[in-house]
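In what follows, a structure is listed as structure tokens, so that the remarks can point back to it.
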Amino acid sequence: MHPAISVRGLSKAFTISHQTERHTTMHEALLHRLRNPFRLTSKETFWALQDISFELKRGEVVGIIGRNGAGKSTLLKVLSQITDPTAGEIDLYGRVGSLLEVGTGFHPELTGRENIFLNGAILGMKRSEIVTQFDAIVDFAGVERFLDTPVKRYSSGMYVRLAFAVAAHLNPEILIVDEVLAVGDAEFQKKCLGKMQDVAQSGRTVIFVSHNLQAVSLLCAKGILLSRGKLVFCGGIDEAIEQYVGSWAMSEGEQTADLRRPGCGEIRFTSVKAAKEFFHSGEPKEFLFGIARQKPGGDRFYLSAHVVNHQGVVVAQADSRLVGHWLTCDEKYEGVFRLLSPWLKPGTYRLDLFICAPGVGLVDMWEGATTMHVSPLLPYPHHVSEDGTAHGLVFADFQWKSTASAIRAKGQPKLASLA
């Protein structure tokens with residue numbers, strides 16, 4: 001089978017500047033420069049990708065998985081020719097259609113109709129080819145009413161629907177799709193997965209990046225696992241997912257020492273620990289955490305926690321804004337996070353922690369900050385066969401109540417009651 005993509009010794013480096021003092025006003029910055037005219041800003045070379053090599057065949061559907069900061073998005077941008085590699089070679093055998101983030105390749109001042117033709121031209125398609133696919137694109141995206149509206153007025157959901165429809169319908173030999181599908185609703189995600197399967201069955205190549213391991217497992221036959229910019233595994237998707245899930249079983253100290261976590265880093269989590277090794281499904285789950293300020297910055301932060309199952313699905317989110325809890329500008333914090341519900345099914349879950357600030361966004365993201373184990377003991381008073389608990393992501397706390405009522409038409413014989 002002919003190759004679709006060949007990657008050999010691919011590396012990508014970025015230069016990161018570090019300033020020892022942070023200035024809040026232009027006046028402070030000018031004074032600092034005048035007083036220290038020869039002081040240079042320290043710089044660091046950060047290797048987002050290091051010596052990656054693999055080959056993908058035509059018609060393969062490949063899932064790229066790994067933690068945040070593993071290099072997945074950088075790899076896709078290099079494959080999409082958005083950015084050049086620092087070293088190595090890439091051979092692409094065919095036209096590439098990519099959807100990496102909301103609005104990539106769209107001009108905000110142009111209408112949806114105009115952007116469809118613009119994207120087609122960027123892909124090297126003739127106008128007649130775009131016209132042939134135009135109705136299918138509009139129908140798939142569901143934006144017919146707003147087709148002649150500038151896309152800057154679209155919601156994020158409308159934006160991503162149209163962007164995916166364009167990328168998938170303009171017949172690229174290679175389709176690259178990033179986590180951006182998480183913007184759409186469940187129905188649209190299902191349509192997207194179906195469309196990507198259709199693209200693959202037509203002999204074209206699909207590269208799919210997602211933290212939803214269930215979607216990756218259903219769609220992909222092959223997996224590429226990245227960690228800290230390096231290729232860890234390339235092979236069957238089941239083995240790739242197994243290695244990825246296993247990678248969370250690292251020591252807490254190793255996770256704490258990782259300063260490459262996403263976010264501006266003004267304040268960061270320094271520790272987190274489950275209060276006990278095993279929790280029962282129906283009991284509150286308690287986690288102890290520490291936070292410390294790393295550098296000057298904002299003065300109001302909120303916290304969030306995601307409980308993620310083995311398939312990469314976020315089964316619960318706990319945002320401190322919802323209960324009125326905020327952090328101020330203190331240097332250090334120690335606290336407790338209690339998850340009171342839902343009742344989690346038996347198994348191992350990971351806890352992703354976030355610190356955010358209004359108007360700034362992400363300050364710290366600690367993916368896989370810790371794990372929690374839920375006991376196989378059921379939280380119900382009676383045991384039944386496995387089909388009684390096989391469905392759903394969590395256990396429900398519920399009641400059933402019913403009362404018998406004898407309503408009979410005149411002359412209708414009385415029915416015998418059931419024991």
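This structure is a prediction, so every number in the text was calculated from the model and none was measured. Values reported hereafter were calculated over all heavy atoms of this structure, with side chains retained and with hydrogens, waters and symmetry mates removed. Positions are given from 1, in the same order as the sequence printed here.
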Which pair of heavy atoms, one from [X] and one from [Y], lies closest together, and at what distance?
X: Arg300; Y: Ala357; result: O-CB, 3.7 Å
X: Gly94; Y: Ile174; result: O-CD1, 4.4 Å
X: Phe279; Y: Pro284; result: CD2-O, 3.9 Å
X: Val216; Y: Gly63; result: CG1-CA, 4.2 Å
X: Trp326; Y: Pro358; result: CZ3-CG, 3.7 Å
X: Trp47; Y: Gln50; result: CB-CG, 3.6 Å

Taking the side chain as everything from C-beta on, heavy atoms only, tell me whether [X] gets closer than 4.5 Å to [Y].
X: Leu353; Y: Thr370; answer: no
X: Lys222; Y: Leu56; answer: yes
X: Lys345; Y: Leu393; answer: no

Are the ring centres of Tyr93 and His2 closer than 6.0 Å?
no
Between [X] and [Y], does any side-chain N to carboxylate O distance fall below 4.0 Å?
X: Lys152; Y: Glu109; answer: yes
X: Lys57; Y: Glu55; answer: yes
X: Asp91; Y: Arg8; answer: yes

Does NZ or CZ of Lys285 lie under 6.0 Å from the centre of the six-membered ring of Phe287, at an angle within 45° of the ring axis?
no
Assign the ring pair Phe398 / Tyr380 to parallel, tilted or perpendicular, where the plane angle (0 to 90°) is split at 30° and 60°.
tilted
Parallel, tilted or perpendicular: ring planes of Phe289 versus Phe269, cut at 30 and 60 degrees
perpendicular
Per the side chain to side chain contact (heavy atoms under 4.5 Å, CB included) rule, which among Val360, Asp364, Ile355, Ile291 passes with Phe301?
Ile355
Among Leu344, Val313, Val314, Val394, exactly one meets side chain to side chain contact (heavy atoms under 4.5 Å, CB included) together with Val307. Which residue is that?
Leu344
Report yes or no: does [X] contribute a side-chain atom to a donor-acceptor pair with the main-chain N or O of [Y] at less than 3.5 Å?
X: Ser53; Y: Gly9; result: yes
X: Lys12; Y: Asp84; result: yes
X: Glu114; Y: Thr111; result: yes

Checking side-chain polar atoms at under 3.5 Å, does Arg204 have a donor or acceptor matched by the opposite partner on Ser202?
yes
State whether a side-chain donor-acceptor pair under 3.5 Å links Thr270 with Tyr333.
no
Other residues, nucleotides, ligands: >12 heavy atoms within 6.0 Å of His310 NE2
no
For Glu242, all residues meeting side chain to side chain contact (heavy atoms under 4.5 Å, CB included), sequence neighbours excluded
none
Worked verdict on Leu75 versus Leu10 for side chain to side chain contact (heavy atoms under 4.5 Å, CB included)
CA-CA 9 Å; Leu75 177 58; Leu10 178 65; 3.6 Å; yes
Residue pairs, two or more places apart or on separate chains, that pass salt bridge (Lys or Arg N to Asp or Glu O under 4.0 Å) and touch residues 126-137:
none
